[in-house]
There are 2 protein chains.
Amino acid sequence: MIALSTARAATPAFFAEAAAASSLADGAAPVTLTHHLQTIQSYGARQHYSRNETIFNQGDEAGHVYRIVDGTVRLCRHRPDGRRYVVDFLLPGDVIGFVESPDQPVSAEAVTEVSLVAFPRACFDRLARDSAEARKQLLCHMSESLLSAQQHLFVLGCQKATERVASFLLRLAERLDVMSGERMDLFMSRQDIADHLGLTIETISRSITALRSGGLILIPNAHQIIIRDLVALRTLAAEG
Amino acid sequence: MIALSTARAATPAFFAEAAAASSLADGAAPVTLTHHLQTIQSYGARQHYSRNETIFNQGDEAGHVYRIVDGTVRLCRHRPDGRRYVVDFLLPGDVIGFVESPDQPVSAEAVTEVSLVAFPRACFDRLARDSAEARKQLLCHMSESLLSAQQHLFVLGCQKATERVASFLLRLAERLDVMSGERMDLFMSRQDIADHLGLTIETISRSITALRSGGLILIPNAHQIIIRDLVALRTLAAEG
DNA sequence: CGAAGTCTTGAATTCTATCAATAGGGGTGG
DNA sequence: CCACCCCTATTGATAGAATTCAAGACTTCG
């Protein structure tokens, strides 16, 4: 029942939007869902959460749409038996809960200090109702999410431990706009990464060590990495 | 960048839509994307494909939206090194390629004999532009796809081989509306299932054997199964 | 009826998880 | 400001699960 396709062209713009708050000035079309949300900025309530605080729980009524201003959020599914799956990490500029829905299908938790803007569902719906452009961006955004999920399905379905870690680091670097050779912060814990990649914390640790030993990355400290050999890393990840 | 939520209420209707061609008569609201497509049925071209025939390839221009009338389709990503990932299987009533996109992010291949209706992208877009209701259904449909993908991420990320197979069988039974005790056709090959669940063909075979040995299912033949102990199967799948 | 392809089953190998212990880092309180 | 403690990460050894390699059985189709 899946079926999809994607607005690939929208990807770069979406990734870049966190930085381009002023937007619209720099050439191409970085108009995204986030920009449309800014037109209703005044209706949004600024909220702050501290580390590991819950923003909303799976099953909660989905009364708001959130735009992350600062910090990192993890979306996860918790299970009765304690198992947890981290669906994705969200970064500044990302939007959560953008679909008509009676309740939240996942929980959202602050990985770091987080500040975000919460828009009442009604405002969001009104925006979508009144603006064809906003609607289009909403569809693009959902396509992005779907493509992203499918890409990750491939990672979980086909790749080995070290390949998964390589894919994870590459995607994170892309989203954070961190260049090869620059330090990249890993705000999430090894456990978070493990639950996102379907591995254990020990395997994550060993994979990272293996990448370091192979000279693909540098590790100034446990929560920063530097991509040293981008080509080799990409070959490993081999995103087909 | 994920973020999502879902129109859970839309699920049953969507699953049921394949059967409810006349629809709209039976009480609740089985109005879905498919029904809206039927309003532009006359613009669609009926097409037929035989087993293993390609409907479109990854990277092809996305010029059409397809509604499956009969048969089973697999969406997959092929990789240079031969690895393949089956994103999902599509059944009668399902819609493919419903998002603004320059090209197809996955390939679509006929698992069985397939007949479908192909709508020009422009017709589909016009429908979405002119009908608020159709737009809403489109969003619900995408939400469904996204939730489905996320559910599957959980399966690949957290579950063991036998649990994955149990989840797969349960979801298939639900979608095909096959009751416990009834025969269910498995149109796809073990290899298809393996590539969908991130396992090997041998492991699929062993898992199915294990489920049979445990009395959870019966296997009249290699391409049919009967769910014998629904509760135990659900416990195994443990979809949290 | 025979052949090709698919599925099942078995044995050995490989990868990851699990169990266990140590090391490192950050925060708190003295 | 430093020492201590707790939490997190790393590393090692072992066990377990799935893959791989290999062979045989069953279907299906010509």
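Naming convention: chains lettered A, B, ... in sequence-line order (proteins, then strands); numbering from 1 in each chain. Model, not experiment: these values are computed from the prediction.
Evaluation of the side chain to side chain contact (heavy atoms under 4.5 Å, CB included) rule for A:L230 yields A:L170, A:S180, A:I227, A:R234 as partners, not counting sequence neighbours. For A:Y66, the ring-ring contact (aromatic ring centres under 6.0 Å, His included) partners at least two apart in sequence or on another chain are A:F56. Not a single salt bridge (charged side-chain N to carboxylate O under 4.0 Å, His left out) links A:R51 to another residue, sequence neighbours left out. A:R74 is linked by a salt bridge (charged side-chain N to carboxylate O under 4.0 Å, His left out) to A:E109, A:D192, counting only residues two or more places apart in sequence or in another chain. The ring-ring contact (aromatic ring centres under 6.0 Å, His included) test applied to B:Y85 returns no partner, not counting sequence neighbours. For A:H64, there are no ring-ring contact (aromatic ring centres under 6.0 Å, His included) partners, not counting sequence neighbours.
With hydrogens and angles disregarded, no donor-acceptor distance shorter than 3.5 Å links the side chain of B:H223 to the backbone of B:F187. Of the possible donor and acceptor atoms, one in the side chain of A:R190 sits under 3.5 Å from a partner among the backbone N and O of A:A222.
Contacts between residues 156-169 of chain A and DNA chain D, defined by a heavy-atom separation below 4.0 Å, involve no residue at all. Against DNA chain D, the stretch residues 202-223 of chain B makes heavy-atom approaches under 4.0 Å through B:E202, B:T203, B:R206. A heavy atom lying under 4.0 Å from DNA chain C marks the following residues of residues 184-201 of chain A, by number: A:G198, A:L199, A:T200.
When DNA chain D is scanned 5' to 3' for any atom under 4.0 Å from a heavy atom of chain B, the first and last hits are D:dA18 to D:dC21.
The rotation axes computed at either terminus of the helix from C:dC1-D:dG30 to C:dG30-D:dC1 lie 40° apart, taking five pairs at each end and rounding to 10 degrees.
Open room surrounds CD on B:E61; 12 or fewer heavy atoms of other groups in view lie less than 6.0 Å from it. Taking a 6.0 Å sphere around CZ of A:R83, one finds it holds more than 12 heavy atoms contributed by other residues, nucleotides or ligands.
Side chains of A:Q47 and A:S115: no donor on one and acceptor on the other come within 3.5 Å.
Minimum heavy-atom separation, B:P92 to B:V69: CB-O, 3.5 Å.
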Checklist line | Working for salt bridge (Lys or Arg N to Asp or Glu O under 4.0 Å), residues B:R67 and B:D94 | finding: CA-CA 6 Å; B:R67 182 169 63 84; B:D94 288 347; over 6 Å; no
Next item on the list: With salt bridge (Lys or Arg N to Asp or Glu O under 4.0 Å) as the test, would you mind laying out the steps for A:D88 and A:R171 before giving the verdict?
Entry: CA-CA 11 Å; A:D88 207 357; A:R171 189 165 98 93; 2.7 Å; yes
Tabulate below the donor-acceptor pairs under 3.5 Å that side-chain atoms of residues 206-214 of chain B make, not counting sequence neighbours, or state none.
| unit_1 | atom_1 | unit_2 | atom_2 | d |
| --- | --- | --- | --- | --- |
| B:S207 | OG | B:T203 | O | 2.9 |
| B:T209 | OG1 | B:S205 | O | 2.9 |
| B:S213 | OG | B:T209 | O | 2.9 |

